[in-house]
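Every chain is numbered from 1 and lettered A, B, ... according to where its sequence line falls, protein lines coming before strand lines.
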Amino acid sequence: MIGDANILHADLDAFYASVEQLLDPSLLGQPIAVGGGVVLAASYEARAFGVRGGMAGRRALQLCPELRFVSGHFSAYRRLGDAAIGVLGEFTPSVERISIDEAFADVSGTEHLFGPPGTIAACVRRRVRDELGLPISVGVARTKHLAKIASQVAKPDGLVVVDPERELEFLHPLPVELMWGVGPVTKARLADAGVITIGQLANMPGGSLERLLGQAIGDKLGALAWNRDPRRVHTRHRARSVGAQSALGRRAADATTLRPTIRFLADRVASRLRAKSFAGRTVTVRVRFADLSSITRSLTVPSGISATGILAEIAEELVLAALADHPDETSVSLLGISVSHLERHQALQLQLELGLDGDQRLPGSRKGAARWLADRAMDAVRERFGRQAIGYGSASVGAPRSVPAAFRELAERTL
DNA sequence: TCTGGGGTCCTAGGACCC
DNA sequence: TCTGGGGTCCTAGGACCC
């Protein structure tokens, strides 16, 4: 006996662009892009010309000369995204938020209150449209994977309910790239093997999928293609890493030039960690060169880090090591810092014992304590007066201008 | 045609331990 | 001295997602 189709996947359509069209109705029906140098989001009218998120603004304009660029209203995205997901939450507490504009919900056991899942989905769509003015597509199915595919098929502004008796009939004719985990590389590998549809993937001879894509991915896709998706909707997720990066155009590949950016990034990451009482044991830096090739270097230390200064020093050492390994590269186009192996931070204690730069190895280092206290004092000022109010000298001027700070904050996941 | 920022997961080799 | 096997951790790279 198979279960019922109780999983909803709700996804706001072209979210940022739809909000802009809501705020300024003269943009309705127009090809618009949020952003400037780079397209952060494009309306469906712009997508019809091939404009896509992440595309260079110049390229987008070539594809669509009528394209209008608008600067983003990021606080409105936050408010409206929260409100839309909040509508789902009025039907069930079992809501798993995936991003600003997307969530799963499990409506098992709510039928006596609100009717069958398809009715709930229609109601969610109507309410988001009536109360917030935004289009949202919803997929309903027995598994998360199928619900997600259904919402993609439903777009724009649609609803698709997959009958549990006809799941494979629905799934197998669809192209493989609709599956979660199939991107451009995997799609191309499958195409080389003559596999275009999910049904073809499902029927590949035993073992050939694993040989083509590796054990884990092969197994996973094989299961998904037969709609064996064991994942449940969970309401809470634990973050595994925290990071920040900045594109730099072209900067000279030397420590003096890069130090302010390293400070800026370390400050962002470490203050987010401290805000939630986390620390991390592994520091990873990413250096992208002018030709867009990139490398990473990482270091794992015995106990967690959350002080800006210590993180910045480790990151700088790693960046220097990376540059030393590539002496022919003379310019850097992006720097990133990320901290993983997160652990709960026991206030001051670990930081006191930490110490990584020279004499700080001594337990109970006064320098470590002083740094931690200075960081906390700065965090407190920012809490009252905002992030821009105060910063370490070099970090505060190191902020690159590529993307608004509000966009960074919108993309952050809560720890 | 040269693209932002914040994330997750997988692979593979090497070090190290038992 | 060379040989086996298994497990864990770290590092680097890569694909993918929103």
### Message
Can you confirm whether or not the ring centre of A/His345 sits under 6.0 Å from the ring centre of A/Phe278?
### Response
no

### Task
Compare the minimum distances between each of B/dG6, B/dC10, C/dT11 and the side chain of A/Ala216, then state the nucleotide with the smallest one.
B/dC10

### Task
Write down the distance separating the P atoms in B/dT3 and C/dC18, rounded off to the nearest Å.
23 Å

### Task
Can you establish whether the number of heavy atoms outside A/Arg228 located under 6.0 Å from its atom CZ is more than 12?
yes

### Task
Find the distance A/Leu342:CG to B/dT8:P and express it as a whole number of Å.
8 Å

### Task
Look at all strands and tell whether A/Arg250 reaches a base, only sugar-phosphate, or nothing, counting heavy atoms closer than 4.0 Å.
nothing

### Query
Does C/dC10 have OP1 or OP2 sitting under 4.0 Å from an N or O in the side chain of A/His341?
yes

### Query
Can a salt bridge be assigned to the pair A/Asp106 and A/Lys144 using a cut-off of 4.0 Å between side-chain N and carboxylate O?
no

#### Entry: Paired nucleotide for C/dG6 [Watson-Crick or G-U wobble; both distances under 3.5 Å]
B/dC17

### Query
Can you say whether the rings of A/Trp226 and A/His172 are parallel (under 30°), tilted (30 to 60°) or perpendicular (over 60°)?
perpendicular

### Spacing between A/Tyr16 atom OH and B/dG4 atom P, to the nearest angstrom
16 Å

### Task
Between A/Leu318 and A/Gln152, just flag the one whose closest nucleotide in DNA chain C comes earlier from the 5' side.
A/Leu318

### Task
Nearest whole angstrom, please: distance from the C1' of B/dG6 to the CZ of A/Phe264.
13 Å

### Task
May I have the distance from A/Leu63 (atom CG) to B/dC2 (atom P), rounded to whole angstrom?
11 Å

### Query
Which label fits C/dC2, syn or anti, where anti is any glycosidic angle not within 90° of 0?
anti

### Message
Checking contacts here: which listed nucleotide (B/dT1, B/dG4, C/dC18) is nearest the side-chain heavy atoms of A/Asp101?
### Response
C/dC18

### Query
Which part of the nucleic acid, if any, lies within reach of A/Ile295 when heavy atoms closer than 4.0 Å are counted: base, sugar-phosphate only, or nothing?
sugar-phosphate

### Query
Under 4.0 Å between a side-chain N/O of A/Arg240 and OP1 or OP2 of B/dC10, yes or no?
no

### Task
Check whether any side-chain N or O of A/Ser137 sits under 3.5 Å from a backbone N or O of A/Gly158 as a donor-acceptor pair, and report yes or no.
yes

### Query
Think A/Arg281 has a side-chain N or O under 4.0 angstrom from the OP1 or OP2 of C/dC10?
yes

### Query
Does a side-chain N or O from A/Lys148 land closer than 4.0 Å to OP1 or OP2 of C/dC18, or not?
yes

### A/Arg408 side-chain N/O to B/dG6 phosphate OP1/OP2 under 4.0 Å
yes

### Query
A/Ser241 has a side chain; which of B/dT8, C/dG13, B/dG6 sits nearest to it?
B/dT8

### Task
Check whether any side-chain nitrogen or oxygen of A/Thr300 sits under 4.0 Å from OP1 or OP2 of C/dT11, and answer yes or no.
yes

### Whole-Å gap separating C1' (C/dC18) and CD (A/Gln245)
14 Å

### Query
Counting only side-chain N and O atoms of A/Thr296, is one of them less than 4.0 Å from OP1 or OP2 of C/dG13?
yes

### Task
Using whole Å, report how far CG of A/Leu292 lies from C1' of B/dT3.
7 Å

### Task
Could you please spell out the steps behind the side-chain contact (heavy atoms from CB on, under 4.5 Å) verdict for A/Glu412 and A/Arg268?
CA-CA 11 Å; A/Glu412 288 174 0; A/Arg268 280 195 60 80; 2.4 Å; yes

### Message
Side-chain N or O of A/Arg413 versus OP1/OP2 of C/dC18: is the shortest distance under 4.0 Å?
### Response
no

### Query
Closest nucleotide of DNA chain B for A/Ala244 versus for A/Gly37: which of these residues is on the 5' side?
A/Gly37

### Query
Rounded to the nearest Å, what distance is computed from the CZ atom of residue A/Arg286 to the P atom of nucleotide C/dG13?
11 Å

### Task
Consider the side chain of A/Phe407, meaning its heavy atoms from C-beta on, and name the nucleotide among B/dG4, C/dG13, B/dG7 that approaches it most closely.
B/dG4

### Spacing between A/Met55 atom CE and B/dC2 atom C1', to the nearest angstrom
12 Å

## Note on the structure
Among B/dC10, C/dC16, B/dG6, the one nearest any side-chain atom of A/Pro184 is C/dC16

### Message
For A/Thr143, is there any backbone N or O sitting under 3.5 Å from a side-chain donor or acceptor partner on A/Asp229?
### Response
no

### Query
Counting any heavy atom closer than 4.0 Å, what does A/Arg58 reach on the DNA or RNA strands: base, sugar-phosphate only, or nothing?
nothing

### Task
Name the closest nucleotide to the A/Glu102 side chain, picking from C/dC18, B/dG6, C/dC16.
C/dC18

### Task
Report yes if at least one side-chain N or O of A/Thr186 is closer than 4.0 Å to OP1 or OP2 of C/dC16; otherwise report no.
yes

### Task
Give one of base, sugar-phosphate or nothing for A/Val39, where a contact means two heavy atoms less than 4.0 Å apart.
nothing

### Task
By nearest nucleotide on DNA chain B, pick out whichever of A/Arg238 and A/Gly54 is the more 5' one.
A/Gly54

